Novice: 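I'd like to ask some things about the structure below.
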Amino acid sequence: MTNRMKEFQNLKTPLFVPFITAGDPSLEATVDLALALQNEGASALELGIPYSDPLADGPVIQRASLRALKNGMSLEKAIKLVSDMREKGLTIPVIIFTYYNLLLQLGEQKFFELAAQHDIDGLLVPDMPFEESKELHEACLQHDLSFISLAAPTTSRERLKEIGRTAQGFLYCISSLGVTGTRTSFANDLDRFLENAKASSHVPVLVGFGLSSREQMQQFEGKCDGFIMGSAIVKKIEELGPELVNEETKDKAIAAFSDFLSKVVPVKKVYS
Amino acid sequence: MTNRMKEFQNLKTPLFVPFITAGDPSLEATVDLALALQNEGASALELGIPYSDPLADGPVIQRASLRALKNGMSLEKAIKLVSDMREKGLTIPVIIFTYYNLLLQLGEQKFFELAAQHDIDGLLVPDMPFEESKELHEACLQHDLSFISLAAPTTSRERLKEIGRTAQGFLYCISSLGVTGTRTSFANDLDRFLENAKASSHVPVLVGFGLSSREQMQQFEGKCDGFIMGSAIVKKIEELGPELVNEETKDKAIAAFSDFLSKVVPVKKVYS
Amino acid sequence: MKTVYPDSKGRYGQFGGKFVPETIMFALEDLERGFLEAINDEDFKKDLEHELTHYSGRPTPLTYAGKLTERLGGAGIYLKREDLNHTGAHKINNAIGQALLAKRMGKKKIIAETGAGQHGVAAATAAARYGLECKVYMGEEDIRRQELNVFRMKLLGAEVIPVTSGTRTLKDATNEAIRQWVSAVEDTFYLIGSAVGPHPYPKIVKEFQSVIGFEAKAQYKEMHGGKLPDKVVACVGGGSNAIGIFAGFVNEDVKLVGVEAGGKGILTGLHAATMANGREGVIHGSLTYLLQSEEGQIQEPYSISAGLDYPGVGPEHAYLKFTKRVDYQCITDEEALEALNILCLEEGILCALESAHAVAQAIKEAKAMSPDENLIICLSGRGDKDVHTLFEQQKEEDSHDQ
Amino acid sequence: MKTVYPDSKGRYGQFGGKFVPETIMFALEDLERGFLEAINDEDFKKDLEHELTHYSGRPTPLTYAGKLTERLGGAGIYLKREDLNHTGAHKINNAIGQALLAKRMGKKKIIAETGAGQHGVAAATAAARYGLECKVYMGEEDIRRQELNVFRMKLLGAEVIPVTSGTRTLKDATNEAIRQWVSAVEDTFYLIGSAVGPHPYPKIVKEFQSVIGFEAKAQYKEMHGGKLPDKVVACVGGGSNAIGIFAGFVNEDVKLVGVEAGGKGILTGLHAATMANGREGVIHGSLTYLLQSEEGQIQEPYSISAGLDYPGVGPEHAYLKFTKRVDYQCITDEEALEALNILCLEEGILCALESAHAVAQAIKEAKAMSPDENLIICLSGRGDKDVHTLFEQQKEEDSHDQ
Ligand SMILES: Cc1ncc(COP(=O)(O)O)c(C=O)c1O
Ligand SMILES: Cc1ncc(COP(=O)(O)O)c(C=O)c1O
């Protein structure tokens, strides 16, 4: 585990982990957006790698992926981009969110090398459930990377125990069935699910999938250690996209983004 | 048998029986054409009734049928037209050539009444082979009409004997397989067929189907008693059609028709 | 009550016969001889059965239509699945039979007529399989309307010959095929597409299609401890699928219903209801019921289903109507379309528009019957060929609705 | 040499598995449980067999292609006639199996993906027959190209849902079906169309398609005094018809050949030759050979036959290739078209363009074999659906010729 991740685990809750797609609307903008997120209180960053066939993602992130692919983004380039972020002052952990095939094609060895070179803290592979991930999980451990596991309301008690027991970084609890995207309602038995998750896990338990407002997060107060927010943020970036890539309007767009964030981030923490 | 038909059977050979379609190109023209045929040496007239589905006819007569149907021609009207011909001097026998269905719908009784009223001499039903025609054959006998039978090169010896034995008016020997229409070659074993036909028949044996020139007829000299000519004549009428229906060009067209006939009629006989 | 028809002249009562030019008489006699020899030849029968089984996929199933039965609440409904035949309809039974007969008679070529192309495709298929040259006569108007089926026949190696006489449709194509047969009788077999035409064709086609009825009967009895169904329903164009399935039941105590195309309704004049609205007459060499003018000119029929679009009907049907052994009914385009939809939704079977006429009538019949009675529908063909027509129909309706 | 794959993790060697979001894991486990229960339940097996026999028309024949054999002068050629199935292809075997499974598991709805619409029609058909609600996901681009099949699914009562993500084709429709399944797992069964996807799908689809192989084997043996054929050839899209027929022979001393779509030629990049030209990767939850960019983005395949147009391949095929048990070959569009024509002309069978790939390869194989050897081609479907494509193709060629 990296020091950044250790620090993350000790932060005051609620933790807040935003997701953005690397390369959307441009490589440069991704760096700026990451810093804005840190400034507005992000505890860590999930950096999504665009993929042609994002099985777990809804339309918002699908569109972001397409835009990023058009910009030539790739797993390798995204990892390298993190060094740019670090140079510009990003200190929160960065978790690479990538579909398994991209990792497979890059090669795990190569991935770990790049991750070490470019200060990556974690890995999340949305299409690699617990059963398939054992080896990768261990390889991550060896390379000081946190392999982020997911659990869903439909995950059985026994599996949840296993998943919780081996979880690294944080446990990503999926708040609703379906794919990523903003939602108005969540799975029925979410409370019990989170209770079980917290009981099983020795790492922070974060809730994600479909969160789009501070009010929604307040429903879960005390029941989890933090939140992941993806589509709502990516949608905002989509809106601001044209302005973000225009040198003249860029600053204004980042300000608008920060303003948006200030209204959704559960608690603003200030990093030094 | 009518007296006209008796006379016909005693004419000097070769006999010549032309076919025209009643109502093509118009009712009036049919009368004029009939007279022209008589003038140019026709021994009898086959008057074709137009039919929607002329199974035994080739394209030339099919087209004539369509034209005549458009002119409102029917079996009944065609029979009545013969009275007009007689009035204008037609003395040769007239044989009504009709597909069976038209006769069936008119009713045999009605047909015989009309035939008697309008000086009809014979009946030829191209889709009524020997086996189906027994009753009609006899009814014709009773009404003094000659029921014309057909024989083909494929007709078996036994059938030919039967057909020849009961033939009335003349025996129509089909010179080639296929439908009506002008042809350049005839069935191979035609000579033997005609020999057999002559041997079987007590009425004149006429050859027809596909004859279009005097030369063709000469091939059969001595082997039969005469000829039937249909498509070649109907084709000429088709050519002259527009002129035949125009009061101003009508006479010229009839003259042209007569001229054409004078070149194909095997021997010109003059009727008084 | 065993039927002994046709008689030696090919008559079914007053119907049938051979009203053809003398030039074809020889060929018809030759055909009759060849046919009688063939069906009394064990080898021929074995070959035929082999091909029906191993090539065309017979026996076709008898499917219980449980959901449809339940929906109607009346008689149990069974479907004789001729749609599952190779090339998608009962037509192939006859095409295979006649093509094997042609071969046995030493013919090298076949000719056939076709309307929408179904029989043309079946004939071309059999010709390809048995190594015969094949010419298909087809009205120019039909060629224009059915270009895909024309293409199909060509793929199968057949030559498609446009017919420009008359109304340029099926009846003219049939005339033309007969005309051409006359001139090529030596080496050519005329493979007719339905139980029509001069004797012995209606008899031959019935023979080759009766496999439908005998199979259905055996299958039904097997399912029901030897009992017979109460009713059998089939659509009637020329009448081959109907005569084929009726063959299994006509000598039994089973009600038989033939269904003609009522088109846009009998009163509109746009229909193919030969028996409801035709009079006795001669078409294609056979005396039968016929749509014709007062004077006897043959009239062009109309139906949304090209396969029922024939102005005559097989002479045995005329006889079965005359003797009241079979009840003949009409179904309109609209009723057929609705029935097609219902069968699709309830059983997942898209049937041919022709067959949908039988389904529509069967729906009426079943409703009026008791749940412990059963009926069989002859599902003569599949609806793939009709999807385009249905699609256009739907578009039209949608545009009317707006 | 009996195969014991897949293992408990759904792996065929390194291939297969369940590379899916955690949210679906429960559904997959539930499915596996339901499936294992079903196939060990005599009643289920009887129901399935009943429907295959009495509804879909199984067994399909094994047809000896005598004229084709003679023309080539090599091995004897037999055709396993999946084209004679209800709805015209092997797809229905699987659709019926899974739909009955869905019903047994108490699901009220099914969802399915489709490319050209073949599986969509099969799924909608089974849904109609068994009273299940049906939604079919289909790429917007495919909907545009295949409007008649879309119409057909609607006739069958299915809802067709346009997919606008990615390239708007089959792979995206599959992604979307999986996504939607995730959110409706309670009452919804995902009826996948080929031997692909996460475990246990490849196993389920193989089970339901293996009827092809076991039937073919029994039929061949019956015809040949208990002997086995020398070779079996099948086309491979996702791989369901191939895995189905191979199932009967994989543990025997019979050569197996799988045929992928070579499109316009491997070198042009326009092909669907997953195994010839792909690399190991993950698609639709399964580790297999895959057409992808250097970096792992999935590539759109190309083939003239829509059913072979899949960028991946079932994991068991990947394994069979890896272990060299099966020989995988490519056939180009042009070769497939020629083979389709030959089969049409020689045997009167218009096969699907997919199946024509198998025929083309078999023609090559047969020529190189001795006349006392025999091979079986899996004729996966009929070509009715392709007539339009063939027609357009022909028109194009004709215009080039001028
Ligand atoms: C599917 C189908 N059913 C019925 C018919 C009508 O023919 P018949 O009355 O000879 O069975 C046709 C004719 O093409 C057809 O294709
Ligand atoms: C007729 C036919 N054959 C083959 C295929 C390919 O599928 P698979 O490889 O799963 O058999 C398809 C797919 O639609 C098909 O329709």
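Numbered from 1 within each chain, the chains take letters A, B, ... in sequence-line order. Quick caveat, the model's predicted, so the values are computed rather than measured.
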Novice: For D/Glu294, is it the side chain, the backbone, both, or neither that has a heavy atom closer than 4.5 Å to a heavy atom of chain A?
Specialist: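 Looking at D/Glu294, just its backbone touches chain A.
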Novice: Taking atom NZ as the centre, does A/Lys161 end up with more than 12 heavy-atom neighbours from other residues, nucleotides or ligands that are less than 6.0 angstrom away?
Specialist: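 Count not over threshold, so no.
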Novice: Okay, side chain of D/Asn175, backbone of A/Asp53: is any donor-acceptor separation there less than 3.5 Å?
Specialist: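 Flag not set: sc D/Asn175 to bb A/Asp53 has no pair under 3.5 Å.
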Novice: Please classify the contact between D/Ile298 and chain A as side chain, backbone, both or neither, with a heavy-atom cut-off of under 4.5 Å.
Specialist: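 Backbone plus side chain of D/Ile298, per the 4.5 Å heavy-atom cut-off to chain A.
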Novice: Test your reading of the model: is there a side-chain donor-acceptor pair from D/Glu176 to the backbone of A/Leu55, 3.5 Å cut-off?
Specialist: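 Checked: no pair found.
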Novice: If you count heavy-atom pairs within less than 4.5 Å of chain D, which of A/Pro126, A/Ala151, A/Ser133 leads?
Specialist: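 The answer is A/Pro126.
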Novice: Select one option (side chain, backbone, both, neither) describing which atoms of D/Leu287 are under 4.5 Å from chain A's heavy atoms.
Specialist: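 The side chain, not the backbone.
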Novice: What part of A/Leu75 lies closer than 4.5 angstrom to a heavy atom of chain D: side chain, backbone, both or neither?
Specialist: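 The answer is neither part of A/Leu75.
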Novice: Name the one of D/Glu295, D/Arg279, D/Gln297 that satisfies side-chain hydrogen bond (donor to acceptor under 3.5 Å, both in side chains) with A/Gln105?
Specialist: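 Option passing the side-chain hydrogen bond (donor to acceptor under 3.5 Å, both in side chains) with A/Gln105: D/Arg279.
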Novice: Are there residues of residues 185-192 of chain D that reach to under 4.5 Å of chain A by heavy atoms, and which ones?
Specialist: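 So far as heavy atoms go, nothing in residues 185-192 of chain D approaches chain A to under 4.5 Å.
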Novice: Which one, A/Leu103, A/Thr155, A/Thr154, leads in non-hydrogen pairs under 4.5 Å with chain D?
Specialist: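 Between A/Leu103, A/Thr155, A/Thr154, the count favours A/Thr154.
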Novice: Shorter than 4.5 Å, heavy atoms on both sides: which option in A/Leu106, A/Leu102, A/Asp127 has the most such pairs with chain D?
Specialist: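 Option with the top pair count is A/Asp127.
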Novice: For A/Tyr51, which atoms come within 4.5 Å of any heavy atom of chain D: side chain, backbone, both, or neither?
Specialist: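 A/Tyr51 touches chain D through backbone and side-chain heavy atoms alike.
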Novice: Could you state the interatomic distance from CE (D/Met25) to CZ (A/Phe130), rounded to the nearest 0.5 Å?
Specialist: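 The distance works out to 10.0 Å.
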Novice: Taking everything shown except D/Lys321 itself, do over 12 heavy atoms lie less than 6.0 Å from its NZ?
Specialist: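 Yes.
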Novice: For the side chain of A/Glu132 and the backbone of D/Lys18, is there at least one donor-acceptor N/O pair under 3.5 Å apart?
Specialist: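 At least one qualifying donor-acceptor pair exists.
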Novice: Counting only non-hydrogen atoms closer than 4.5 Å, does D/Ile24 touch chain A with its backbone (N, CA, C, O), its side chain (CB onward), both, or neither?
Specialist: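 Contact with chain A is absent: no heavy atom of D/Ile24 under 4.5 Å.
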Novice: Please indicate whether A/Phe112 has more than 12 foreign heavy atoms, meaning atoms of other residues, nucleotides or ligands, lying under 6.0 Å from its CZ.
Specialist: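 Enclosed: over 12 neighbouring heavy atoms sit under 6.0 Å from CZ of A/Phe112.
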Novice: In the structure I gave you, are the side-chain heavy atoms of A/Met128 and D/Val282 within less than 4.5 Å of one another anywhere?
Specialist: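 A/Met128 does not reach D/Val282 side chain to side chain.
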Novice: Could you tell me the separation between the OG atom of D/Ser293 and the CG atom of A/Asn101, rounded to the nearest 0.5 Å?
Specialist: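 Reported value, rounded in 0.5 Å steps: 8.5 Å.
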Novice: Would a distance-only check, ignoring hydrogens and angles, find a side-chain to backbone donor-acceptor pair under 3.5 Å from A/Glu131 to D/Gly17?
Specialist: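 Checked: no pair found.
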Novice: Dump the intermediate steps for side chain to side chain contact (heavy atoms under 4.5 Å, CB included) on A/Arg159 and D/Glu29, then the final yes or no.
Specialist: CA-CA 12 Å; A/Arg159 285 186 80 230; D/Glu29 281 161 18; 3.6 Å; yes
Novice: In Å and rounded to the nearest 0.5 Å, what is the CG to CD distance from A/Leu104 to D/Gln292?
Specialist: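 Going from CG on A/Leu104 over to CD on D/Gln292, the span is 7.5 Å.
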Novice: What's the shortest heavy-atom distance between D/Glu22 and A/Ala152, and which atoms?
Specialist: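 Nearest heavy atoms, D/Glu22 then A/Ala152: CG-N, 3.8 Å.
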Novice: Might you confirm whether atom NZ of D/Lys9 has over 12 heavy atoms from other residues, nucleotides or ligands at distances under 6.0 Å?
Specialist: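 More than 12 heavy atoms, drawn from other residues, nucleotides or ligands, come within 6.0 Å of this atom.
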Novice: Relative to chain D, which segment of A/Ser156 carries a heavy atom at a distance below 4.5 Å: side chain, backbone, both, or neither?
Specialist: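 No part of it gets close to chain D.
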Novice: Measure distances from A/Pro54 to the heavy atoms of chain D and classify the residue's part below 4.5 Å as side chain, backbone, both or neither.
Specialist: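 It is both, since atoms from each part get that close.
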Novice: Which bit of A/Ile163 comes within less than 4.5 Å of chain D, counting heavy atoms only: side chain, backbone, both or neither?
Specialist: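 Contact with chain D: side chain only.
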